[in-house]
K.L.:
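First the structure, then my questions, so here it is.
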There are 2 protein chains.
Amino acid sequence: MAERRLRADALSNRARIVQVARDLLSSTSELPMNAVAKAAGVGQGTLYRNFPTREALLAEVYRADVDQLVASAGTLLGEHDAATAFRRWLDNVADYARVKRGVLAALEPGSGHELAASHTGPIGEAIDRLLAAGREEGTIRADVTSRDVLILLGFLSRLDEASAAESAHHILDLIFHGLRTRGGERPRAEGAAETGG
Amino acid sequence: MAERRLRADALSNRARIVQVARDLLSSTSELPMNAVAKAAGVGQGTLYRNFPTREALLAEVYRADVDQLVASAGTLLGEHDAATAFRRWLDNVADYARVKRGVLAALEPGSGHELAASHTGPIGEAIDRLLAAGREEGTIRADVTSRDVLILLGFLSRLDEASAAESAHHILDLIFHGLRTRGGERPRAEGAAETGG
DNA sequence: AGCGTATGCGGACACGTGTCCACTTGACAG
DNA sequence: CTGTCAAGTGGACACGTGTCCGCATACGCT
């Protein structure tokens, strides 16, 4: 599966493309593919061979951020109960999304593209971990998949520049509420004092 | 607000554009704007003046369907308790969305465009009615707006051709669950005989 | 070093979108 | 009926995307 080792020039081209994309994004929030190709001194073909879609390019550019997001899932799970960890993590995603719109595109492949059918990427795996913990804890519905969550999270990419940024957290509340088991915070299997709705 | 009465030729142009768009959509699911202009025998300028975005054109083409969707909200509210009506209505939306992708675009303005800031269109009003009924009944969270629902429903437009069509109902379940009050089906105030589901 | 070839290059191209503006024409006054 | 002019027209244009393919060259082999 590891692609048969790139030629030396191909490797440097790829690296240069990513660097140029990073630079462009730091000045404007636009990322026209042909501008990337031109600035990187490669043809459109080269660009598109390395990164078939803009999302692929953004995913590479923001890989460090995505890794951090993934790591934070583990951290939160260590510090809080599963439900709280999940909730906080969703807020993390929203924060990243607001600051770097590209991060969204980087996780978008999880919802819309064919490659995502089975492999939802590192983010999908992070969500799986959160879901599994919540399921075990009894606070998260058992019929939720990481794919579901990714699709629901897709709304973030539609909010962007509108003043709607503030509504992100509210909607995340609704979504999170939807992921929970009926009882609310406590699963009632564990002998917790249920406050009752 | 009524635009100052169009010139006769303008009116017929507009009608022809809509008709042509309808025809194009019935053969392919594509709707290239310049193809519409060409087939309608008008210039790009005319097309774009009448319908600034593809969504605007689709909204016009599918207006009858949207009206029907809106009407079904009232019907359902007459036949069921608010929660059930809401749930059924969401399924209606998903069904329309699967059959005619354009309907989605027609309601999309509610989530992403500026005009939607306050006026979410007829669909928004239908949702408002469902929300109000559910709120009164005590089964729907009081802090949910039609805008929230429209944004959440946006996921439907991302599902399209993928085999994900079947997952639409599942995700609607999650969303609907998120809109409900804690107690679940019964608000314990109204003793309605809800079959549950 | 010299060679053959698969690998990668890069830009022309086909196609789509949306804007702009010089020109046309419908509607109404005289 | 005719003149007037704002409303309306339509297509050229600027810009973006993504594909295709003839060509260059890096790499492995001798």
Side-chain angles (χ1 to χ4, degrees), chain A residues 1-21 24-25 27-61 101-102 105 108-109 112-115 157 160-161, chain B residues 1-21 24-25 27-61 101-102 105 108-109 112-115 157 160-161:
Chain A
M1 285 304 167
E3 48 280 339
R4 11 179 340 136
R5 180 148 148 264
L6 291 174
R7 240 164 57 176
D9 54 341
L11 219 60
S12 79
N13 272 338
R14 187 184 165 92
R16 207 164 58 255
I17 287 170
V18 174
Q19 187 52 49
V20 160
L24 280 187
L25 280 171
S27 43
T28 78
S29 60
E30 307 278 284
L31 190 63
M33 294 299 265
N34 57 9
V36 173
K38 197 169 174 188
V42 303
Q44 309 271 70
T46 302
L47 173 57
Y48 279 100
R49 191 159 355 85
N50 279 287
F51 305 101
T53 66
R54 189 197 320 285
E55 288 74 44
L57 178 52
L58 286 170
E60 184 66 26
V61 168
R101 299 260 309 116
E108 277 266 354
H113 298 64
E114 53 288 81
L115 55 142
S157 69
D160 65 330
E161 28 199 353
Chain B
M1 286 306 164
E3 48 280 337
R4 13 180 337 135
R5 179 145 149 263
L6 291 174
R7 237 165 59 179
D9 56 338
L11 218 61
S12 81
N13 272 338
R14 187 184 165 92
R16 207 164 60 254
I17 287 170
V18 174
Q19 187 52 51
V20 160
L24 280 187
L25 280 172
S27 43
T28 78
S29 60
E30 308 276 285
L31 190 63
M33 293 299 266
N34 57 9
V36 173
K38 197 169 175 188
V42 303
Q44 310 272 72
T46 302
L47 173 56
Y48 279 100
R49 188 160 358 84
N50 278 286
F51 305 100
T53 65
R54 189 197 319 288
E55 288 74 43
L57 178 51
L58 286 169
E60 184 66 26
V61 169
R101 299 261 309 113
E108 277 268 353
H113 298 63
E114 51 291 77
L115 55 142
S157 70
D160 66 330
E161 30 199 350

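Quick note on labels: first sequence line is chain A, next is B, and so on, each numbered from 1.
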K.L.:
Hey, what do you get for CG (B/Leu25) to CG (B/Leu31), rounding to the nearest 0.5 Å?
P.N.:
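Output value for this atom pair is 4.5 Å.
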
K.L.:
When rounded to the nearest 0.5 angstrom, what distance separates CG in B/Leu24 from CD in B/Glu30?
P.N.:
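Answer rounded to 0.5 Å: 10.5 Å.
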
K.L.:
Can you tell me the distance, in whole Å, between the CZ atom of A/Arg14 and the C1' atom of C/dC9?
P.N.:
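That distance rounds to 16 Å.
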
K.L.:
Do nucleotides 22-30 of chain C as a string where each nucleotide becomes B, S or -: B if the base has a protein heavy atom under 4.0 Å, S if just the sugar-phosphate does, - if no protein is that close.
P.N.:
---BSS---

K.L.:
Output the rounded distance in Å from CG (B/Leu11) to C1' (D/dT9).
P.N.:
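Interatomic distance, CG of B/Leu11 to C1' of D/dT9: 15 Å.
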
K.L.:
Can you name the closest pair of heavy atoms from A/Ala39 and A/Val20 and give their distance?
P.N.:
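Scanning both residues, the minimum pair turns out to be CB-CG1, 3.5 Å.
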
K.L.:
Given atom CG of A/Asn50 and atom P of C/dG10, what is their separation to the nearest angstrom?
P.N.:
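Spelled out: CG on A/Asn50 to P on C/dG10 is 11 Å.
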
K.L.:
Any chance you could measure A/Tyr48, atom OH, to A/Ile17, atom CD1, to the nearest 0.5 Å?
P.N.:
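Answer rounded to 0.5 Å: 11.0 Å.
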
K.L.:
Decide yes or no for A/Val36 and A/Phe51: does some side-chain heavy atom of the first lie under 4.5 Å from some side-chain heavy atom of the second?
P.N.:
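Side-chain contact under 4.5 Å: no.
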
K.L.:
Just the rounded figure in Å: distance from C1' of C/dC20 to CG of B/Leu47.
P.N.:
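Nearest whole value for this atom pair: 15 Å.
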
K.L.:
Side chains of B/Thr53 and B/Leu57, heavy atoms from C-beta outward: is any pair under 4.5 Å?
P.N.:
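B/Thr53 does not reach B/Leu57 side chain to side chain.
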
K.L.:
Considering heavy-atom distances to DNA chain D, does A/Arg49 or B/Thr46 have its closest nucleotide positioned more toward the 5' end?
P.N.:
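The answer here is B/Thr46.
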
K.L.:
Looking at five pairs on each end of the helix from C/dA1-D/dT30 to C/dG30-D/dC1, what is the angle between the two axes, given to 10 degrees?
P.N.:
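The end-segment axes of the helix from C/dA1-D/dT30 to C/dG30-D/dC1 are tilted 0° relative to each other.
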
K.L.:
For nucleotides 15-18 of chain C, print each protein N/O atom paired with a nucleotide N/O atom at under 3.5 Å, atom names and distance only.
P.N.:
from   : atom 1 : to      : atom 2 : distance (Å)
C/dT17 : OP1    : B/Met33 : N      : 3.4
C/dT17 : OP1    : B/Arg54 : NH1    : 3.0
C/dT17 : OP1    : B/Arg54 : NH2    : 3.0
C/dT17 : OP2    : B/Met33 : N      : 3.0
C/dG18 : OP2    : B/Tyr48 : OH     : 3.2
C/dG18 : O6     : B/Gln44 : NE2    : 3.3

K.L.:
Which is more 5' along DNA chain D, the nucleotide nearest B/Gly43 or the one nearest A/Gly45? Just name the residue.
P.N.:
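Residue closer to the 5' terminus by nearest nucleotide: B/Gly43.
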
K.L.:
Quick check: do A/Gln44 and A/Met33 have side-chain heavy atoms less than 4.5 Å from each other?
P.N.:
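Of all side-chain heavy-atom pairs linking A/Met33 with A/Gln44, none is under 4.5 Å.
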
K.L.:
Start with the C-alpha gap between B/Thr46 and B/Arg49, add the side-chain angles, then the distance that decides, and say whether side-chain contact (heavy atoms from CB on, under 4.5 Å) holds.
P.N.:
CA-CA 5 Å; B/Thr46 302; B/Arg49 188 160 358 84; 4.0 Å; yes

K.L.:
Which distance, rounded to the nearest 0.5 Å, do you find between the CG of B/Leu47 and the NZ of B/Lys38?
P.N.:
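Nearest 0.5 Å value for the CG-NZ distance: 14.0 Å.
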
K.L.:
Could you tell me whether the side chain of B/Asn13 reaches within less than 4.5 Å of the side chain of B/Arg16, counting heavy atoms only?
P.N.:
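They are in side-chain contact.
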
K.L.:
For B/Asn13 and D/dA7, give me the distance from atom CG to atom P, rounded to whole Å.
P.N.:
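In whole Å, D/dA7 P lies 17 Å from B/Asn13 CG.
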
